[in-house]
There are 2 protein chains.
Amino acid sequence: MSKSEETRSSILHQALDISSEVGLEGLSLGILAKRVEMSKSGLYAHFSSKENLQCAVLDTAAERFIDIVLSPALKQPRGIPRLKALFERWLQWEDDEFSGGCLFITAATEFDDRPGPVRDRLVDHLRDVLDAIARAADICKKEGHFRSDLDTEQFRYDFWGVLLSYQHFRRLLQHPQARDYAHRAFERLVSSATPH
Amino acid sequence: MSKSEETRSSILHQALDISSEVGLEGLSLGILAKRVEMSKSGLYAHFSSKENLQCAVLDTAAERFIDIVLSPALKQPRGIPRLKALFERWLQWEDDEFSGGCLFITAATEFDDRPGPVRDRLVDHLRDVLDAIARAADICKKEGHFRSDLDTEQFRYDFWGVLLSYQHFRRLLQHPQARDYAHRAFERLVSSATPH
DNA sequence: GAATAAAACGACCGGTCGTTCTATATTCCA
DNA sequence: TGGAATATAGAACGACCGGTCGTTTTATTC
């Protein structure tokens, strides 16, 4: 890895941490530069615009999501076990990975009516992430764990709602039972999808 | 209504519109002053700090939520009809009321790890709003529409998830079937709560 | 190790932010 | 209606924003 790639990567690592706390808009070049201990202009040269930096941060988040949530879950047996692993790792991701909660969710709210390349990139990544849910549900159908007439698009919507509510109850309301609620909501979702 | 109260109210009206689009942090005094056609300092004197303004905007949003969503729903018959009205009006509120989506949800993501008076105020209002859901579910139990062992706290978590997912699918992903998904998710929620 | 290319620096740009000040205009009540 | 209280204006503040510049230092390559 060349020097350039190395610093670029360490910039993005810090940038991801910061923007998980304060959002992609709240991420300022000055503060970021101080965190990576280099000059603002030197840092800036790596991205040539703040928009590019924001997009790069989103890409970094996506990579890390794949490493930490998606790939490990894919090692589980097809069907419900894999789906369950996906869900569990996702909860863990929202707890630990960034002190400030899932960047995708933060950014989604920030950019939901701010058109431009950052929003486009975010939508791309979010679609990928939601597709992963639908795909996991599809496999459950193929394995016979789920009813064959299950609407996986609907399943994706419901799954996402459980995660979003988790972030609210845990981070904002700091509800001690947030995780219990999440688990019960997930179980209800799964059991409504299984054949009876 | 005195002149002061009148201008204060018109400031807050505009401020609510703006911050629904760009969030409470994105709300700037300069832009707000321009919108209400007065000087920045003249406007500022009404609140004496931005934090106070942000809190006042949250209060205004809460009042409007009560007027548009809560009060009308309370006029419906107790039990499921009232709950359904609550849900429907809530969806409508997220569609129409502010071009930028529900301020509470936006602010919740903005402030979920930014302690201070604004966050505290937000949590208060959000708790009220979530309590309204739990109360509606409680009435459903008392009317015999819902199982007597239903966990209304859990119900509240699930209900909130349906609404949050709606905002994502509709505003960010601009999914044409967002409303269908919301309805089906709500129906599944209700039917899992009814006695069988 | 010298030549060249890339990366980092620090000063600086115009602009906007929230906030403070003083001075003037307006509203309100005796 | 006169005078105190209040609402507004306008200019200015220090801090910070994203972004640009020429220069210097550091890596890379022959």
Side-chain angles (χ1 to χ4, degrees), chain A residues 1-19 21-58 60 106-107 110-111 114-119 121-122, chain B residues 1-19 21-58 60 106-107 110-111 114-119 121-122:
Chain A
M1 181 145 67
S2 77
K3 181 76 208 303
S4 175
E5 285 169 322
E6 210 168 275
T7 53
R8 192 187 144 99
S9 144
S10 90
I11 291 171
L12 286 173
H13 179 267
Q14 296 283 351
L16 183 50
D17 281 0
I18 295 176
S19 51
E21 288 172 30
V22 296
L24 278 176
E25 283 300 307
L27 174 64
S28 103
L29 298 178
I31 289 167
L32 177 56
K34 221 165 265 175
R35 274 268 268 272
V36 294
E37 288 173 318
M38 64 183 296
S39 73
K40 204 170 67 161
S41 53
L43 185 151
Y44 188 81
H46 281 271
F47 304 96
S48 63
S49 84
K50 198 190 176 181
E51 261 184 5
N52 288 346
L53 170 63
Q54 292 172 320
C55 287
V57 172
L58 284 176
T60 309
T106 310
E110 254 181 311
F111 285 88
R114 220 173 296 187
V118 184
R119 184 206 149 108
R121 187 74 63 103
L122 173 62
Chain B
M1 181 144 67
S2 76
K3 181 74 208 306
S4 176
E5 285 168 323
E6 210 166 276
T7 52
R8 192 187 144 98
S9 143
S10 90
I11 291 171
L12 286 174
H13 180 266
Q14 296 283 351
L16 183 51
D17 281 0
I18 296 175
S19 50
E21 287 173 31
V22 293
L24 278 176
E25 282 300 307
L27 173 65
S28 105
L29 297 178
I31 289 168
L32 177 56
K34 222 165 263 176
R35 274 270 268 271
V36 295
E37 287 173 319
M38 66 183 294
S39 75
K40 205 167 63 158
S41 55
L43 183 152
Y44 187 82
H46 281 271
F47 303 96
S48 62
S49 84
K50 198 191 176 182
E51 260 184 6
N52 287 345
L53 170 65
Q54 291 172 319
C55 287
V57 172
L58 283 176
T60 309
T106 310
E110 255 182 311
F111 285 88
R114 219 173 296 189
V118 183
R119 184 207 148 108
R121 186 74 63 103
L122 173 62

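Naming: A, B, ... by sequence-line order, numbering from 1 per chain.
- Residue A:Ser4 has a polar side-chain atom (N or O) positioned under 4.0 Å from OP1 or OP2 of C:dA7.
- In this structure, B:Ser28 reaches the sugar-phosphate backbone alone: every heavy-atom distance under 4.0 Å involves primed, P, OP1 or OP2 atoms, never a base.
- Between A:Arg35 and A:Asp17, the closest heavy-atom pair is NH2-CB, 4.0 Å.
- Residue whose closest nucleotide on DNA chain C sits further toward the 5' end, between B:Ser2 and B:Glu51: B:Glu51.
- Here C:dC17 presents its C1' atom at 15 Å from CD of A:Glu25, a figure rounded to the nearest Å.
- Across the protein-nucleic acid pair, B:Glu37 atom CD and D:dT8 atom C1' stand 14 Å apart, rounded to whole Å.
- Between B:Gln14 and B:Leu32, the closest side-chain pair of non-hydrogen atoms falls below 4.5 Å.
- Checking D:dT28, D:dA9, C:dA8 against the side-chain heavy atoms of A:Ser39 singles out C:dA8 as nearest.
- Side chain A:Lys50 to base D:dG19: no donor-acceptor pair is found below 3.5 Å.
- Of the side-chain N and O atoms in B:His46, one or more sit less than 4.0 angstrom from OP1 or OP2 of D:dT8.
- The separation between B:Lys34 atom NZ and C:dT16 atom P is 7 Å, rounded to whole Å.
- Atom pair A:Arg8:CZ and C:dA8:P shows a separation of 12 Å (rounding to whole Å applied).
- Distance CD1 (A:Ile11) to C1' (C:dA8): 10 Å, rounded to an integer number of Å.
- Applying the 3.5 Å distance criterion, the base of C:dG18 shares a donor-acceptor pair with the side chain of B:Lys40.
- Put simply, the side chain of B:Leu122 does not reach to within 4.5 Å of the side chain of B:Glu110, judged on heavy atoms.
- Within 4.0 Å (heavy atoms only), A:Ser48 reaches no atom of the nucleic acid at all.
- No contact: B:Leu32 has no heavy atom under 4.0 Å from any strand.
- In this structure, B:Asn52 atom CG and C:dG18 atom P are separated by 14 Å, rounded to whole Å.
- Between A:Ser49 and D:dG19 there is no side-chain polar atom (N or O) within less than 4.0 angstrom of OP1 or OP2.
- No side-chain heavy atom of B:Phe47 sits under 4.5 Å from any side-chain heavy atom of B:Val57.
- Within the 4.0 angstrom heavy-atom criterion, no nucleotide atom of any strand lies near A:Leu53.
- Among the protein residues, A:Ser41 comes within range of the nucleic acid bases, having at least one heavy atom under 4.0 Å from a base atom.
- Checked by atom type and distance alone, the side chain of A:Thr7 pairs as donor or acceptor with a backbone atom of A:Ser4 at under 3.5 Å.
- Contact annotation: A:Tyr44 side-chain N/O to D:dT20 OP1/OP2 distance is under 4.0 Å.
- A straight line from CG of B:Leu27 to P of C:dT16 spans 16 Å, rounded to a whole angstrom.
- Atom CE of A:Met38 is separated from atom C1' of D:dT24 by 14 Å (rounded to the nearest Å).
- A:Glu25 and A:Gln54 make their closest contact through OE2-NE2, 3.2 Å (heavy atoms, listed as atom of the first residue, atom of the second, distance).
- A:Ala45 comes within 4.0 angstrom of no nucleic acid atom, judged by non-hydrogen atoms across all strands.
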